[in-house]
Novice: 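Submitted below is the structure of interest, expressed as structure tokens.
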2 protein chains.
Amino acid sequence: MTRGVRKGLSKEVILKAAFKIVESGGVETLSMRRLGSELGVAAMAIYNHFPDREQLLDAMAESALAEITPDEQKGNWKKQVTNVARSVANLSIEKPAVFALCMSRPTKPKAAVVLMSKVLEALRQGGLSDKEALACYHSVLILLHGFPFWQAGLTKYCAASPDSIATADLSEQEKRDWKLLHTVDPAKQFEASLALLLDGY
Amino acid sequence: MTRGVRKGLSKEVILKAAFKIVESGGVETLSMRRLGSELGVAAMAIYNHFPDREQLLDAMAESALAEITPDEQKGNWKKQVTNVARSVANLSIEKPAVFALCMSRPTKPKAAVVLMSKVLEALRQGGLSDKEALACYHSVLILLHGFPFWQAGLTKYCAASPDSIATADLSEQEKRDWKLLHTVDPAKQFEASLALLLDGY
DNA sequence: ACCTGAACACCGTTCAAGT
DNA sequence: ACCTGAACACCGTTCAAGT
């Protein structure tokens with residue numbers, strides 16, 4: 001291979017390939033070397049566009065959250081908040097590994113701020129006090145952070161055999177409960193949890 | 001070093017050292033080699049007690065959750081559920097990295113089942129229908145999964161300078177909101193979110 | 001500016017060898 | 001059964017070299 005030849009690499013192209021890898025195998029399968037080979041490029045070429053792996057992951061979170069564009073806000077404030085939260089949760093359903101990546105990064109992307117202000121605006125429109133709005137906003141946020149990890153645990157056991165190994169030394173009651181718990185539809189459960197939160201006001 | 005000499009290694013001793021590392025630096029700093037040197041032992045010695053790193057992490061989650069022993073159940077069902085959930089959330093406040101590890105493992109430990117049945121029992125006592133109990137249980141579970149990750153984002157920005165870099169190109173309103181959002185007490189916010197969920201019934 | 005290979009300091013894990 | 005070092009196939013990242 002000749003050196004110093006332009007390969008048309010760019011942030012966008014790299015991010016696209018990175019998403020492909022994460023979507024199919026999770027963050028832990030995304031290595032600089034693998035990403036490089038996916039792009040037909042030496043691993044080190046990536047460092048011309050991102051300073052290190054951590055910042056590449058941050059850029060992925062930024063990019064993924066920026067893609068979330070809720071529908072035009074309409075209806076009462078609860079519907080507006082639900083609308084935003086649902087569009088975020090949708091990412092978790094469509095691309096669980098990508099969303100888990102977003103939620104596990106303590107560095108919150110700028111894109112999160114525009115979603116934040118959308119929700120806060122709705123809460124103020126709803127006439128909530130500052131204190132109430134704060135509590136409500138964070139409640140929704142905790143729910144969103146938990147969703148991908150809760151979902152992962154759920155699908156893990158649903159993928160396993162109906163009578164999983166883990167249920168070996170459980171009482172009959174516990175076994176029935178265990179099975180019952182794994183009959184949930186993630187999207188519906190999220191909506192239900194969210195409604196529960198918002199109906200407090 | 002002479003070979004084949006017993007070093008008094010055991011699951012308990014290894015787990016203890018592993019917790020120490022994770023508590024101080026997070027899961028990503030826990031390597032078999034580092035764990036070995038912490039124990040004064042070759043990395044490979046650990047493989048006599050745990051098949052691989054993944055199962056060591058699972059054992060840590062199991063062990064950490066088994067330590068959670070809620071007070072004796074008393075009061076109405078909401079207080080009972082709050083009681084269990086609070087004792088779980090406490091772990092996140094005392095050892096955030098350990099709890100994040102627990103919640104990020106899709107393989108749920110057996111120890112989780114005893115907590116599950118405690119909550120379900122309370123919900124049934126409260127006279128909730130199967131459908132309601134299911135939704136309520138999962139709502140609490142999503143909240144618990146989200147708590148450590150939400151908390152990590154919060155403390156990250158509170159540790160940073162009051163006027164963080166991230167707030168560079170925000171409107172004045174957004175800046176004020178951003179600051180306001182980071183004045184929350186994690187434990188209180190969790191209680192508030194939980195109460196919001198349970199008061200739906 | 002952008003890409004390369006070699007090199008360094010790490011990983012997890014296998015395997016043959018020791019007691 | 002329990003522990004060891006050497007080895008293998010990986011990592012992220014630095015650095016000097018190429019265009």
Novice: Within the side chain of B:Asn83, is there an N or O that forms a donor-acceptor pair under 3.5 Å with the backbone of B:Pro70?
Specialist: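 Not confirmed, B:Asn83 side chain does not pair with B:Pro70 backbone.
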Novice: How is the base pairing of DNA chain C summarised as a dot-bracket string, given the Watson-Crick and G-U wobble criteria with both distances under 3.5 Å, [ ] for crossing and | for another strand?
Specialist: ||.|||||...|||||.||
Novice: Less than 4.0 Å between a side-chain N and a carboxylate O, is that true for B:Lys20 and B:Glu38?
Specialist: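 Looking at B:Glu38 and B:Lys20, the cut-off is met.
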Novice: What does B:Gly8 touch in the nucleic acid at a heavy-atom separation under 4.0 angstrom: a base, only the sugar-phosphate, or nothing?
Specialist: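 If one applies the 4.0 Å heavy-atom cut-off, B:Gly8 turns out to touch the sugar-phosphate alone, with no base involved.
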Novice: With sugar-phosphate meaning primed atoms plus P, OP1 and OP2, does A:Ala45 contact a base, only sugar-phosphate, or nothing at under 4.0 Å between heavy atoms?
Specialist: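 Counting heavy atoms under 4.0 Å across all strands, the contact made by A:Ala45 includes a base.
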Novice: Under 3.5 Å, which N/O atoms of the protein pair with N/O atoms of nucleotides 12-15 of chain D?
Specialist:
| unit_1 | atom_1 | unit_2 | atom_2 | d |
| --- | --- | --- | --- | --- |
| D:dG12 | OP1 | A:Met32 | N | 3.1 |
| D:dG12 | OP1 | A:Arg53 | NE | 3.4 |
| D:dG12 | OP2 | A:Met32 | N | 2.9 |
| D:dG12 | N7 | A:Arg33 | NH1 | 2.4 |
| D:dG12 | O6 | A:Arg33 | NH1 | 3.2 |
| D:dG12 | O6 | A:Arg33 | NH2 | 3.2 |
| D:dT13 | OP2 | A:Tyr47 | OH | 2.7 |
| D:dT13 | OP2 | A:Arg53 | N | 3.0 |

Novice: Please tell me if the side chains of A:Ser193 and B:His138 come closer than 4.5 Å, counting only heavy atoms from C-beta onward.
Specialist: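 A side-chain contact is absent here, since even the closest heavy-atom pair is not under 4.5 Å.
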Novice: Compare side-chain N and O positions of B:His49 against OP1 and OP2 of D:dA1 and report whether any pair is under 4.0 Å apart.
Specialist: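 For B:His49, the contact criterion (side-chain N or O under 4.0 Å from OP1 or OP2 of D:dA1) is not met.
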Novice: Looking only at heavy atoms, which two atoms of A:Leu143 and B:Ile142 are closest? And how far apart?
Specialist: O-CG2, 3.4 Å
Novice: Is A:Asp58 close to A:Glu62 at the side-chain level, that is, under 4.5 Å between some pair of heavy atoms?
Specialist: no
Novice: Assess the side chains of B:Asn90 and B:Glu94: does a donor N or O sit below 3.5 Å from an acceptor N or O?
Specialist: no
Novice: Looking only at the side chains, is there a donor atom on one of A:Ser117 and A:Glu121 sitting less than 3.5 Å from an acceptor on the other?
Specialist: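 Absent: no donor and acceptor within the cut-off.
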Novice: Testing the 3.5 Å rule here: is there a donor-acceptor pair between the side chains of B:Gln173 and B:Asp177?
Specialist: yes
Novice: Expected output is a numbered-order residue list: members of residues 18-29 of chain A with a heavy atom under 4.0 Å from any atom of DNA chain D. What is it?
Specialist: none
Novice: Salt-bridge test for A:Arg86 and A:Glu191: reply yes if a basic N is under 4.0 Å from a carboxylate O, no otherwise.
Specialist: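 Between A:Glu191 and A:Arg86 there is a salt bridge, with a charged N closer than 4.0 Å to a carboxylate O.
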Novice: Rounding to an integer number of Å, can you tell me how far B:Leu39 CG sits from D:dT4 P?
Specialist: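 Whole-Å distance recorded here is 10 Å.
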Novice: Could you check how far CG of B:Leu57 sits from C1' of C:dC11, rounded to whole Å?
Specialist: 14 Å
Novice: Is it possible for you to check whether B:Lys78 lies under 6.0 Å from the centre of the six-membered ring of B:Tyr201, through NZ or CZ, and within 45° of that ring's axis?
Specialist: no
Novice: Any cation-pi pair here, B:Lys108 with A:Tyr157, using under 6.0 Å and within 45°?
Specialist: no
